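Proteins get letters first, then strands, A, B, ... in listed order; numbering begins at 1 in each. Keep in mind the model is a prediction, meaning the values are calculated, not measured.
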Amino acid sequence: MRMSVLVGRRYKERPAEATLDSHAFLLRGAYARQVANGIYSLLPAGYRVIRKIEAILREEMDRIGGQEVLMPVTLPRELWEESGRYGSVGSELVRFADRTGHDMVLAMTHEEGVLHLCRNEIDSYAQLPFMVYHIQTKFRDEPRSRGGLIRAREFTMKDAYSFHRTAEDLNDYYQVCYQAYQRIFARAGIPQVLAVQSDTGMMGGSVAHEFILLTEAGEDTIVISEDGGYLANLEVATGVIEAFPEDPLPLEKVHTPGCKTIEDVAGFLKIPERKTAKVVFYDRDADGRPVMALVRGDRDVNEAKLAKIIQAPPVPATDERIRSVGAEPGFASPMGVDASACRIVVDHTIAQSGNLVTGANESDYHFMNFNLARDLPGVDSVDIVEVKEGDGSPDGKGALAFRRGIEVGNIFQLGTKYTQSMEMTYTDESGKACTPIMGCYGIGVGRLMSSVMEVSHDKYGPIWPVSIAPWQVQLNAIKLAAPGVRETAETLYRDLQAAGIEVVYDDRDERPGVQFAEADLLGAPFRLIVSERNLANGCVEWKRRAVGDSGTMPVGEAVETARGWVDAAMAELERAADAL
RNA sequence: CGGGGCGUAGCGCAGCCCGGUUAGCGCGCCUGCUUUGGGAGCAGGAAGUCGCCGGUUCGAAUCCGGCCGCCCCGACCA
């Protein structure tokens, strides 16, 4: 590629809207341009990176028996009615009517699409197991996209779906996918990606892992034990939380004027916050009942955990709703509320504490010495608390710490959620109709590109792993008019290409500062510089961006040397993947 | 959806509070000359519905109202 005609203006200054380094380089290096909030066009440099990532994804999916298909972005409402998600998913699912008034949706994921496709193609146990995948646009009308391609509304995802006869078979294949994912990230130059236990969210299913790239730019909070043996998304993380058992004392009603928060109450009564019970109300559970959640006063409710228990998204309740069950906002407790009209969910931290302060369901009054077993008999405690840094690791080894990370991929054991609701069956040996068990496996392509940029750059630009670099070699020519410079550069450009190397050649008569700055933005791992100064000795200068070294070598050795660098760097990434 | 910020040339910004000729600056772009190792110098030039609509006024980038868009924080998020 000649830079004189490469489409995409590179910016000298950091665009105002960029908050992450990767976002700034995405725009400065002319990889992508925003069209609307969370919607991007890709320029040649960016699309070259994307295509290389997609090639790795295809190779690794094919390697584990995947069959590539392509499903549409636009799907009829009926399919999403079948799965139940037309109603259960919120406004991030774009719904619209076509010319004839037929309701349609833009796929935000493709379970419905793949069920439609596969349920009519499979009828025998002999056809199982299998996996299909595609690389396709998704649209999610995110309330808040950010970070360039880290979180876009329209984005490209590789999603794969496997179908099995047994849970054991799914589990085996899940491990195979897990390995494939590690190979993908290793080959893309980010072997440090970690697999962590995750929430299954709206996908349903049981077992799920997220593949997380640790970086402060990430949006997810990852809980990690000291030796790294325990890893989980904060949404599902459990911890060993210090308990404070006490022998029960008699309930005692105390006047607590105006103390509507835990902080007020603890301060007024001069007790630590952990000596209180925090009551949080949510609008409804799956049965439509108001939900009262209790955690120890120094703790917060983990709403992802709660959502699983109440089988509904936790939406805060209004004061009116709270009073409807006989509780008083700010002074609430489960004692005295209509237990049949209200779902009471109590965390283990409450069960493991004695003599807590809780509301009296009467303005300006609290009870002291609440004890779950005595005062709310028959209510079992569950885990709905959010862990904190410093809590004990559930594996008993050390304390938990928090880190930030980007979710670059995920894998789910879906079970029969979709095969059942969308009626996919096969016939087994005995002629009986059976429902396949499903797994699904996603990787965001653009997010992966941005993530690599986020963890592999210097102050001047991205430093691409050779496997996904838009170009493998950058060729610069300084002072084209000087004797031999243009000729040597042109010859090298031709010979490098002939040697199968992807080279971007700055054939503009720009000053060195401009050329080097823009080369840094394009991020090729290897650079060759032709200049009058070194040409006098028959040499060109070389620089290896990732390694950080540089030097000169005879012009005649440049192509072969570059070929060697590219091959060695590619081989190293492959080796890293094979070593897993 | 709540809170905050911002829309002025391709990019980054000033001007707005306190209305007043042809709306500025830096970078970039075009032409010419000089220059050539980390975003050059000189000279000349092109490029703007000041986000949109309406209102106030003799006069609006500037004041008022409505709308739209973008960014950040929060809520939300396979």
Integer angstrom distance from the [atom1] of [N] to that of [M]:
{"N": "B:rA23", "M": "B:rC68", "atom1": "C1'", "answer": "24 Å"}
{"N": "B:rU62", "M": "B:rU8", "atom1": "P", "answer": "14 Å"}
{"N": "B:rU57", "M": "B:rA14", "atom1": "C1'", "answer": "26 Å"}
{"N": "B:rG32", "M": "B:rC13", "atom1": "C1'", "answer": "30 Å"}
{"N": "B:rG3", "M": "B:rC67", "atom1": "P", "answer": "14 Å"}
{"N": "B:rG39", "M": "B:rG26", "atom1": "C1'", "answer": "13 Å"}
{"N": "B:rC29", "M": "B:rC11", "atom1": "P", "answer": "15 Å"}
{"N": "B:rA61", "M": "B:rU49", "atom1": "P", "answer": "14 Å"}

Margin query: Testing the 3.5 Å rule here: is there a donor-acceptor pair between the side chains of A:Ser83 and A:Glu112?
Written below: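 Side chains of A:Ser83 and A:Glu112: pair found under 3.5 Å.
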Are the charged groups of [X] and [Y] less than 4.0 angstrom apart, N to O?
{"X": "A:Lys138", "Y": "A:Asp159", "result": "yes"}
{"X": "A:Asp347", "Y": "A:Arg299", "result": "no"}
{"X": "A:Arg10", "Y": "A:Glu518", "result": "yes"}
{"X": "A:Asp298", "Y": "A:Lys278", "result": "no"}

Would you indicate which nucleotide in [options] comes nearest to any side-chain atom of [X]?
{"X": "A:Arg9", "options": "B:rG38, B:rG10, B:rU35", "result": "B:rG10"}
{"X": "A:Tyr11", "options": "B:rG37, B:rG39, B:rG10", "result": "B:rG10"}
{"X": "A:Glu303", "options": "B:rC76, B:rA40, B:rC70", "result": "B:rC76"}

Rounded to the Å, how far apart are [X] [atom1] and [N] [atom2]?
{"X": "A:Asp283", "N": "B:rC1", "atom1": "CG", "atom2": "P", "answer": "19 Å"}
{"X": "A:Leu521", "N": "B:rC11", "atom1": "CG", "atom2": "C1'", "answer": "13 Å"}
{"X": "A:Glu219", "N": "B:rA75", "atom1": "CD", "atom2": "P", "answer": "12 Å"}
{"X": "A:Arg10", "N": "B:rC29", "atom1": "CZ", "atom2": "P", "answer": "11 Å"}
{"X": "A:Asp506", "N": "B:rG37", "atom1": "CG", "atom2": "P", "answer": "15 Å"}
{"X": "A:Glu13", "N": "B:rC25", "atom1": "CD", "atom2": "P", "answer": "16 Å"}
{"X": "A:Arg527", "N": "B:rG37", "atom1": "CZ", "atom2": "C1'", "answer": "12 Å"}
{"X": "A:Asn37", "N": "B:rG5", "atom1": "CG", "atom2": "P", "answer": "19 Å"}

Check: Toward the 5' end of RNA chain B, which comes first, A:Arg14 or A:Glu532, by nearest nucleotide?
Finding: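 Its nearest nucleotide lies further toward 5', so the answer is A:Arg14.
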Item checked: Earlier contact from the 5' end, RNA chain B, for A:Met157 and A:Lys479 ->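 The 5'-side residue here is A:Lys479.
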Under 3.5 Å on both distances, the Watson-Crick or G-U partner of [N]:
{"N": "B:rA40", "value": "B:rU34"}
{"N": "B:rU49", "value": "none"}
{"N": "B:rC58", "value": "B:rG20"}
{"N": "B:rG7", "value": "B:rC68"}

Note to self: Looking at B:rU36, I'd like to know if its phosphate oxygens (OP1 or OP2) sit under 4.0 Å from a side-chain N or O belonging to A:Gln515.
What the structure shows: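 No, A:Gln515 has no side-chain N/O under 4.0 Å of OP1/OP2 on B:rU36.
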Check: Has A:Ser531 got a side-chain N or O lying under 4.0 Å from the OP1 or OP2 atom of B:rG37?
Finding: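 So the side chain of A:Ser531 is outside the cut-off, no N or O lying under 4.0 Å from OP1 or OP2 of B:rG37.
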Mind checking [X] for me? I need base, sugar-phosphate or nothing, with any heavy atom below 4.0 Å counting as a touch.
{"X": "A:Ala36", "answer": "sugar-phosphate"}
{"X": "A:Asn476", "answer": "nothing"}
{"X": "A:Ala517", "answer": "base"}
{"X": "A:Glu17", "answer": "sugar-phosphate"}
{"X": "A:Asn534", "answer": "base"}
{"X": "A:Phe139", "answer": "nothing"}
{"X": "A:Leu93", "answer": "nothing"}
{"X": "A:Glu112", "answer": "nothing"}
{"X": "A:Asp509", "answer": "base"}

Margin query: Does anything in residues 541-553 of chain A come within less than 4.0 Å of RNA chain B? Heavy atoms only, and list the residues if so.
Written below: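 A:Glu541, A:Lys543 - these, ordered by number, are the residues of the stretch whose heavy atoms sit under 4.0 Å from the strand.
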Item checked: pair A:Tyr441-A:Phe412: side-chain heavy atoms closer than 4.5 Å ->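 Not in contact.
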Item checked: For the student: nearest non-hydrogen atoms of A:Leu6 and A:Leu522, plus distance ->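 Minimum heavy-atom contact is CD2-CD1, 4.3 Å.
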Next item on the list: Can you label the angle between the A:Phe211 ring and the A:Phe185 ring as parallel, tilted or perpendicular, going by 30° and 60°?
Entry: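 Tilted: the ring planes of A:Phe211 and A:Phe185 meet at 30° to 60°.
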Check: Which residues satisfy the side-chain contact (heavy atoms from CB on, under 4.5 Å) test with A:Ser88, sequence neighbours excluded?
Finding: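 In terms of side-chain contact (heavy atoms from CB on, under 4.5 Å), with neighbours along the sequence ignored, A:Ser88 is linked to A:Arg85.
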Check: Mind checking what makes side-chain contact (heavy atoms from CB on, under 4.5 Å) contact with A:Arg77, not counting sequence neighbours?
Finding: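 Partners of A:Arg77 under the side-chain contact (heavy atoms from CB on, under 4.5 Å) test: A:Glu81, A:Tyr86, A:Asp103.
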